[in-house]
Number of protein chains: 2
Amino acid sequence: MSAKSAETIPDIVIGRLPLYLRALRRLQQDDKQVTSSQELGKRLDISSAQIRKDLSHFGGFGKQGTGYQIEFLIERLQDVLQVNQDWSVVVVGAGNLGIAISHYRGFQDRGFSIADVFDISPEKIGQRIGNYVVQPVGSMAEAIHDKGIKIAMLAVPAEDAQSVADQLVEAGVRAILNYAPININVPDHVQIQYIDPVTHLQRMTYYLEA
Amino acid sequence: MSAKSAETIPDIVIGRLPLYLRALRRLQQDDKQVTSSQELGKRLDISSAQIRKDLSHFGGFGKQGTGYQIEFLIERLQDVLQVNQDWSVVVVGAGNLGIAISHYRGFQDRGFSIADVFDISPEKIGQRIGNYVVQPVGSMAEAIHDKGIKIAMLAVPAEDAQSVADQLVEAGVRAILNYAPININVPDHVQIQYIDPVTHLQRMTYYLEA
DNA sequence: TTGAGTTTGTGAAAGTTTCAACAATATTCA
DNA sequence: TGAATATTGTTGAAACTTTCACAAACTCAA
């Protein structure tokens, strides 16, 4: 019943909230008004008890006998995750991957806008990618500082990832989504997440019959 | 000391093996011969005890007082994950994302080769993407069957993802890496993994100061 | 050869996460 | 209205995961 804002919420719970949010928005698109932990759980392949417990960390969002008002729950989750605002993000690296990221339409309506795209290579600089013009890495720190940017997506070669990450942190970035297939060390006050499709593929091949 | 091949290895352990493998290959590129659980742990931000325990599930790969022979450990992990062979993979969806995936050079030397790229839209079919020519989805099942393909990467719009996944499973695919921002239901004998950068970003914004 | 210094593999303890079950409350419909 | 049905939030137990701590085994230098 009560919001337990004093305690620390387990990170694993936080990690599921974006999945709930994504599923809820889809239900909303299908013109549904109300859902239940059971329905949501079925879609997400997560137990209904888990979903109720996760949500209960933030207060009583549901109604016994009825379930959850989708619109209301979406708003609450957006508040919790702080995606009820728009975050400006920079992309570093304008190779194939950086270009694909910069073209991706899916960030906008989920809380993120790409502000600038940077690259180190002279032949990339000045190149147009959609609405962006590739900027030199040399001007990155200033742009991040001036625009108060806190989030970066890193799409540079693995060899350069640590050094670029260091520069980003130095410039004030507090969250990095790293697409380079290498681990990066950042200070405790900086968030880091990884995207490496090959690790997912390798995790699956373990279970395949040869 | 002993390989406990009879018991089931926790999936969470399997999920870390690709990270170990990735870090080891990087150490190898730096011409290192030997490493320790401590060194690896420092790079990966995982405790050394965790790494030793994970590896011990598969047998004693290390030597007391010395550590792990990098080349040997890489081979063992590749065996365990079944990436000591090359897996043929199909890409479905030839939009921005599918094109970026098809161009990505990073699959090849980690155990995966793209065999074919499919799309449903007539204006995409026949289009060249690097070494591939986009094939119609109509011919997908036959190609998958004939080539014995077990793995697919899904880069279609969210609306189409479930239906395409169903077709893939029907055609014999046993592992799907889904880039569409939606949950998909597959039978128990089919592996599924997700890539949705926005969920990672939203997980990080929770921790940022507004 | 001996002793100091490493590092593994592992059993037991501590910590974390999931799940089952149920009282409380709401809805529906006869 | 009242019985049948649905669904939440929560408790406590079960399951799972990580960490601790140490004997055993190896290296190296004196």
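Letters go in sequence order (proteins before strands), and every chain restarts at 1. We use all heavy atoms of the structure for the numbers below, so side chains are in, but hydrogens, waters and symmetry mates are not.
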Integer-rounded Å distance: [N] [atom2] and [X] [atom1]:
X: B:Y20; N: C:dT8; atom1: OH; atom2: P; result: 12 Å
X: A:K53; N: D:dT7; atom1: NZ; atom2: C1'; result: 17 Å
X: A:R52; N: D:dT7; atom1: CZ; atom2: C1'; result: 7 Å
X: B:H57; N: D:dT17; atom1: NE2; atom2: P; result: 9 Å
X: B:Y68; N: C:dT8; atom1: OH; atom2: C1'; result: 6 Å
X: B:L73; N: C:dT7; atom1: CG; atom2: P; result: 15 Å
X: B:E39; N: C:dT6; atom1: CD; atom2: C1'; result: 14 Å
X: B:L40; N: C:dT6; atom1: CG; atom2: C1'; result: 16 Å

Original post:
So which nucleotide from C:dT27, D:dT19, D:dC26 ends up closest to the side chain of B:A49?
Top reply: D:dT19
**OP:** Return yes if the base of C:dT8 and the side-chain atoms of B:Q64 contain a donor-acceptor N/O pair under 3.5 Å, otherwise no.
**Re:** yes
**OP:** Assign B:S37 to base, sugar-phosphate, or nothing according to its heavy-atom contacts below 4.0 angstrom with the strands shown.
**Re:** sugar-phosphate
Original post:
Which part of the nucleic acid, if any, lies within reach of B:L55 when heavy atoms closer than 4.0 Å are counted: base, sugar-phosphate only, or nothing?
Top reply: nothing
Original post:
Just to confirm, is there a sub-4.0 Å distance from OP1 or OP2 of C:dC19 to any side-chain nitrogen or oxygen of A:S47?
Top reply: yes
Original post:
Hey, is the main chain of B:K124 close enough, under 3.5 Å, to the side chain of B:D119 for a donor-acceptor pair?
Top reply: no
**OP:** Check whether NZ of the Lys or CZ of the Arg A:R203 lies under 6.0 Å from the centre of the six-membered ring of A:Y206 and within 45 degrees of that ring's axis.
**Re:** no
Subject >> Within 45° cone and under 6.0 Å: A:R76 NZ/CZ vs A:F72 ring >> reply: yes
Original post:
How are the rings of B:F107 and B:Y104 set to each other: parallel, tilted or perpendicular (split at 30° and 60°)?
Top reply: perpendicular
Original post:
Between A:V13 and B:F61, which has a closest nucleotide on DNA chain C that is more 5'?
Top reply: B:F61
**OP:** Find which nucleotide of DNA chain C each of A:G65 and A:Q50 is nearest to by heavy atoms, and output the residue with the more 5' nucleotide.
**Re:** A:Q50
**OP:** Provide the full list of salt bridge (charged side-chain N to carboxylate O under 4.0 Å, His left out) pairs with a residue in residues 56-65 of chain A, sequence neighbours left out, each pair given once.
**Re:** none
